[in-house]
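Working notes, structure below.
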Amino acid sequence: MPVHRFWLLDINYEVRNHQPEIWLWGVSEDGERILVIDRGFPTYFYVLPASGEDPERIAERIELARVNLPLITGVEVVDRRLFGKPVRAVKVYCLDPDLVSEYVKSILKIRGVDSCLEDDIRYSMRYMIDNNIVPCGWHEVEADEISNTIGAQVDRVLLAKSKPKYLPEIIKMPNLRIMGFSTVFYSRKGSPKPEINPVVVISVATNTGEEKQFIANSSESDSDVIEAFIKCVREFDPDIIVGFETNRRDMQYLAVRARKNGLTLRVGRADAEPHTSAYGHMSITGRAHIDLLDYADEFPEVKIKTLENIADYLGVMKIGERTLIEDFEIAQYWEDEGKRPILLKFSMENARCIIGVMERIIDFAVQLSSLVGLPLDHVGTAAVGFRVEWFLIRHAYQIGELIPKRLERPYAPYAGAIVLEPKPGVHENVAVLDFKSMYPSIMMAFNISPDTYIPPGEPEPPSGAYVAPEINHRFRKEPHGFYSEVLSKLIKARDKVREDLKRIDPKSPEYRLLDARQKAIKVIANATYGYAGWIGARWYIKPVAEAVTAWGRYIIMSAIKMARDLGLEVIYGDTDSIFVRNDPEKIESLSKMIWEKLGLEIKPDKIYVRALFTEAKKRYCGLMPDGRLDMVGLEVVRGDWANVAKNIQEKVLEIILKGQSVKKAVEYVRNYITDLRERKIPFKDLIIWKTLTKDLEEYEVKAPHVEAAKLLQKEGWLLNIGDKVGFVITSGSGKLYERAKPYIFASYSDIDIEYYVTNQIIPAALRILSLFNVKENDLLPPKSAKPQTLFDFLGKK
DNA sequence: GCAGCCCTATTACCT
DNA sequence: ACAGGTAATAGGGCTGCG
């Protein structure tokens with residue numbers, strides 16, 4: 001029997017005449033694209049007997065019910081665990097995975113049945129979990145080639161004769177063909193609507209350096225563009241198809257446009273259009289469709305998540321070297337034959353950026369996919385909680401733990417971490433001591449887990465219990481809990497990868513992959529506490545989250561006391577960090593003492609040459625040895641302040657912390673205000689960006705960004721939850737929300753400059769300078785220097 | 001009618 | 001649609017004031 005080795009790119013299943021087949025889309029070692037079909041996998045779910053009911057009797061009743069449920073193929077009683085407690089369950093095998101929910105409904109009516117479990121696990125996920133098949137991993141399968149009757153776009157179709165076997169030791173990636181694309185939709189005014197507005201440009205770039213552009217002949221017909229694009233995809237036959245905002249926008253848009261033109265957007269390897277899949281992802285059978293926007297959250301420094309900003313941040317293409325056209329300008333560039341080439345250039349650059357950003361993300365995406373077990377095209381779209389959960393589910397299967405149902409629960413807040421009151425002012429030589437992965441360490445050290453929790457009234461086991469401070473939740477010391485096991489597995493894996501990294505050439509592809517792997521592991525380990533406190537978690541038990549933070553508070557308070565007892569001055573602290581005057585010897589003793597008494601690691605994370613603390617918590621700035629400023633929480637790092645405020649604050653911090661001159665800082669602010677009043681500051685620096693967090697009608701109060709959004713909507717712009725609204729404050733009378741205008745509708749002469757002076761620049765500067773007794777009046781340039789225009793005057797009245 | 005106060009809604013940050 | 005703790009602004013209601 002021939003053995004085939006392949007890397008798993010995508011998975012789906014098909015059901016014909018109630019017979020399911022798993023389709024595994026892969027790339028073989030020698031670069032062939034293959035489809036492995038596996039017909040031999042049963043679907044199943046569990047039935048839990050009501051308390052006091054005999055599972056054998058339940059199994060018999062289900063057997064009897066098979067007359068009416070002909071697709072049930074078998075019933076067996078099995079031993080499993082649920083939240084660590086042994087349970088005997090009835091495992092019911094069923095032929096057609098698409099009929100499971102129907103069958104569950106019938107079985108729930110059988111006497112003595114309490115509930116069903118794992119009927120909510122998709123067949124393709126079930127297949128991977130039970131057979132330890134790993135997306136983006138190499139596998140070996142015994143299989144025979146069969147004829148490609150389904151017309152799949154692959155080199156070979158194989159019928160599996162064995163279950164594929166995962167080969168964890170192979171970490172290299174096959175050479176994948178990646179295609180990036182970027183679209184231009186044309187609408188004369190407002191957001192383009194797929195029902196009426198055509199796609200006029202599609203630009204394509206590939207990781208092999210090919211570039212293509214399809215341009216509509218007229219604004220009326222886009223069938224040629226779409227047809228050419230489909231042909232292009234089929235010819236290049238990408239493994240990964242990637243774009244920006246494609247889940248929400250392009251895929252559906254193109255599918256609708258295709259239909260309008262009597263076409264089908266047949267871009268998959270099987271005969272189908274893109275279709276909506278889990279987590280709002282648009283799936284393309286046989287390929288991995290990746291929307292780079294899904295990875296934007298990995299870069300919190302990028303406040304406005306546009307392709308150009310992300311490409312700029314990652315060094316793919318600097319903003320300054322780019323052709324940039326904003327959405328509201330597209331129509332005029334398309335309409336004007338003279339300007340159209342600029343639009344085409346812009347679109348092509350977008351496609352290049354997409355490929356460039358993809359190349360910087362792919363390693364992480366691949367590692368995350370193989371770590372948590374979600375297919376490459378799904379893992380980016382899945383929220384953090386679901387990524388953690390799929391990792392847990394794989395582990396649960398291995399230890400015979402049943403997967404609990406996702407329940408609707410009311411929000412139940414609990415106490416979190418401690419934040420110290422900072423000592424305001426400038427401090428020299430400050431060390432920041434951090435606990436190493438505090439919450440995961442706590443969960444492991446005190447065995448905190450849903451399955452080790454001892455509810456009040458239950459006796460303590462002979463092996464003893466850990467009791468959380470303040471709240472007194474108890475957790476049995478033995479055996480190891482679910483979370484504890486998962487976390488130590490993760491941490492051991494990460495330590496091993498980091499050990500391997502030391503022996504590898506940092507420039508090799510292998511190094512990049514392993515580095516991405518250790519990052520993926522870190523992300524999942526660090527998110528586990530948050531998952532445990534999430535009411536949507538399958539493995540949620542409130543005391544678990546509550547106990548973790550309680551121990552966290554106890555530990556940091558103990559550490560602070562020890563530091564003080566050692567004579568270390570504690571300047572500030574937040575959750576798992578303490579800021580002390582840098583005294584390496586004492587810090588060393590403290591670190592030792594904490595390890596001995598608390599069993600946790602703490603070490604200096606960074607040293608500030610000088611640091612400035614405001615009166616407020618979570619807002620400070622440190623000067624690092626290399627001269628850079630570490631600005632935390634202040635306006636300068638916030639996305640919802642105008643650049644004028646952020647620029648000023650950064651400059652003030654620099655002058656204060658490096659130059660140590662309050663006078664120079666004050667002078668700088670005054671000059672800046674003068675420049676602004678003379679309109680020497682770019683218009684763009686006056687835009688304030690705020691996110692819409694709900695539908696416009698849902699807002700209870702009038703707010704500037706909401707009113708600006710309504711103006712945009714009135715002009716035909718579609719706004720979604722999560723969109724950022726860029727607005728400016730214009731002069732006139734009334735509330736701010738009456739004077740906020742979308743920046744695309746305003747010009748410099750509309751601007752209320754004094755708003756920016758009083759409500760942006762002055763507060764941002766005073767946040768720092770008030771520590772040195774500087775007052776608002778000190779920052780305002782002398783009245784004579786202010787050229788009052790008639791307009792300003794009228795605006796004030 | 002409005003200044004001053006306080007509370008709430010809203011957003012974005014920190015760890 | 002991973003957690004709680006926190007700062008900050010703008011809006012809005014209320015009080016008191018010739």
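So that the names make sense, note that chain A is the first sequence line, chain B the second, and so on, each numbered from 1. On a predicted model such as this, the values are computed, not experimentally measured, just so you know.
Stem analysis of DNA chain B (Watson-Crick or G-U pairs, both distances under 3.5 Å, runs of at least three) returns B:1-15 with C:3-17.
A:Arg619 comes within contact range of the sugar-phosphate backbone alone, with a heavy-atom separation under 4.0 Å but no base atom that close. Counting non-hydrogen atoms under 4.0 angstrom, A:Gly530 reaches a base of the nucleic acid. Here A:Asp434 lies out of heavy-atom contact (under 4.0 Å) with every strand. As judged by a 4.0 angstrom heavy-atom cut-off over every strand, A:Pro300 is placed among residues making no nucleic acid contact. Note on A:Tyr620: only backbone sugar-phosphate atoms sit closer than 4.0 angstrom, heavy atoms only; bases stay farther off. Nucleic acid contact class of A:Ala545 (heavy atoms, under 4.0 Å, all strands): none. Note on A:Gly536: nothing from the nucleic acid sits closer than 4.0 angstrom, heavy atoms only. Here A:Ala703 lies out of heavy-atom contact (under 4.0 Å) with every strand. Here A:Lys618 lies in heavy-atom contact (under 4.0 Å) with a base. Backbone-only engagement by A:Tyr737 is indicated by non-hydrogen atom pairs under 4.0 Å involving sugar-phosphate atoms exclusively. Among the protein residues, A:Arg406 comes within range of no part of the nucleic acid, since none of its heavy atoms lies under 4.0 Å from any strand. Note on A:Lys542: nothing from the nucleic acid sits closer than 4.0 angstrom, heavy atoms only. When heavy atoms are screened at a 4.0 angstrom cut-off, A:Tyr483 is found touching no nucleic acid atom at all. A:Ala415 comes within 4.0 angstrom of the backbone, heavy atoms only, and of no base.
A:Thr381 places no side-chain N or O within donor-acceptor distance of the main-chain N or O of A:His281, the cut-off being under 3.5 Å.
To the nearest angstrom, C1' of B:dC13 lies 11 Å from CD of A:Glu635. Atom CG in A:Leu696 sits roughly 12 Å away from atom P in B:dT10 (whole-Å rounding). Per the geometry, CD1 belonging to A:Ile304 stands 11 Å off P belonging to B:dC13, to the nearest Å. For the pair A:Lys646 NZ and B:dA12 P, the computed distance is 11 Å after rounding to whole Å. Look at CD on A:Gln649: it is 13 Å from P on B:dC13, rounded to the nearest Å. To the nearest angstrom, P of B:dT10 lies 13 Å from CG of A:Asp695. Atom pair A:Arg638:CZ and B:dT11:P shows a separation of 12 Å (rounding to whole Å applied). Summarising the geometry, the separation between CD on A:Glu301 and C1' on B:dC14 is reported as 14 Å, rounded to the nearest angstrom.
Ring geometry, A:Phe299 versus A:Tyr313: the interplanar angle falls from 30° to 60°, so the pair is classed tilted. Below 30°, between 30° and 60°, or above 60°: for A:Tyr699 and A:His705 the angle between ring planes is above 60°, a perpendicular geometry.
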Exercise for review: Give the C-alpha distance, both sets of side-chain angles, the deciding distance and a yes or no for salt bridge (Lys or Arg N to Asp or Glu O under 4.0 Å) between A:Asp574 and A:Lys618.
Suggested key: CA-CA 8 Å; A:Asp574 184 348; A:Lys618 297 185 187 279; 2.8 Å; yes

**Study point:** Worked verdict on A:His473 versus A:Glu546 for side chain to side chain donor-acceptor pair (under 3.5 Å)
**Key:** CA-CA 8 Å; A:His473 294 321; A:Glu546 226 169 7; 2.8 Å; yes

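The closest side-chain heavy-atom distance from A:Lys690 to A:Val725 is not below 4.5 Å.
Of the side-chain N and O atoms in A:His705, one or more sit less than 4.0 angstrom from OP1 or OP2 of B:dT11.
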Short heteroatom pairs, N/O only, protein and nucleotides 5-9 of chain B, under 3.5 Å:
none

Distances under 3.5 Å only, N/O to N/O: pair up the protein atoms with those of nucleotides 1-4 of chain B.
none

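Counting heavy atoms of neighbouring residues, nucleotides and ligands inside a 6.0 Å radius, atom NZ of A:Lys724 exceeds 12 of them.
Test A:Phe475, A:Phe482, A:Trp539 against A:Tyr453 for ring pair (Phe, Tyr, Trp, His ring centres under 6.0 Å) and you get one pass: A:Phe475.
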Pairs of donor and acceptor atoms involving the side chains of residues 552-562 of chain A, under 3.5 Å and at least two apart or interchain, shall be tabulated with distances.
unit_1, atom_1, unit_2, atom_2, d
A:Arg553, NE, A:Glu470, OE2, 3.0
A:Arg553, NH1, A:Ala415, O, 3.3
A:Arg553, NH1, A:Gly416, O, 2.6
A:Arg553, NH2, A:Glu470, OE1, 3.4
A:Ser558, OG, A:Tyr554, O, 2.6
A:Lys561, NZ, A:Asp565, OD2, 3.0

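Taking the centre of each ring, A:Tyr608 and A:His427 stay at or above the 6.0 Å mark.
For the pair A:Glu421 and A:Ala527, both in contact range of DNA chain C, the more 5′-proximal nearest nucleotide belongs to A:Ala527.
Between A:Asp750 and A:Lys741 no salt bridge is recorded (no basic side-chain N to carboxylate O distance below 4.0 Å). The pair A:Glu738-A:Lys735 does not count as a salt bridge, with every side-chain nitrogen at least 4.0 angstrom from each carboxylate oxygen. Between A:Lys405 and A:Asp119 there is a salt bridge, since at least one side-chain N of the basic residue sits less than 4.0 Å from a carboxylate O of the acidic one.
Screening residues 364-377 of chain A for side chain to side chain donor-acceptor pair (under 3.5 Å) gives A:Ser283-A:Asp377, A:Gln367-A:Arg517, A:Ser370-A:Arg517 as the qualifying pairs, with residues at least two apart or on separate chains.
A cation-pi arrangement is absent between A:Lys423 and A:Phe613 under the rule of less than 6.0 angstrom and at most 45 degrees off the ring axis.
A:Ile768 contributes atom CD1, which lies 7.5 Å from atom CD of A:Glu635 (distance to the nearest 0.5 angstrom).
Mapping heavy-atom proximity under 4.0 Å, the span of DNA chain C touched by chain A runs 5' to 3' from C:dA1 to C:dG12.
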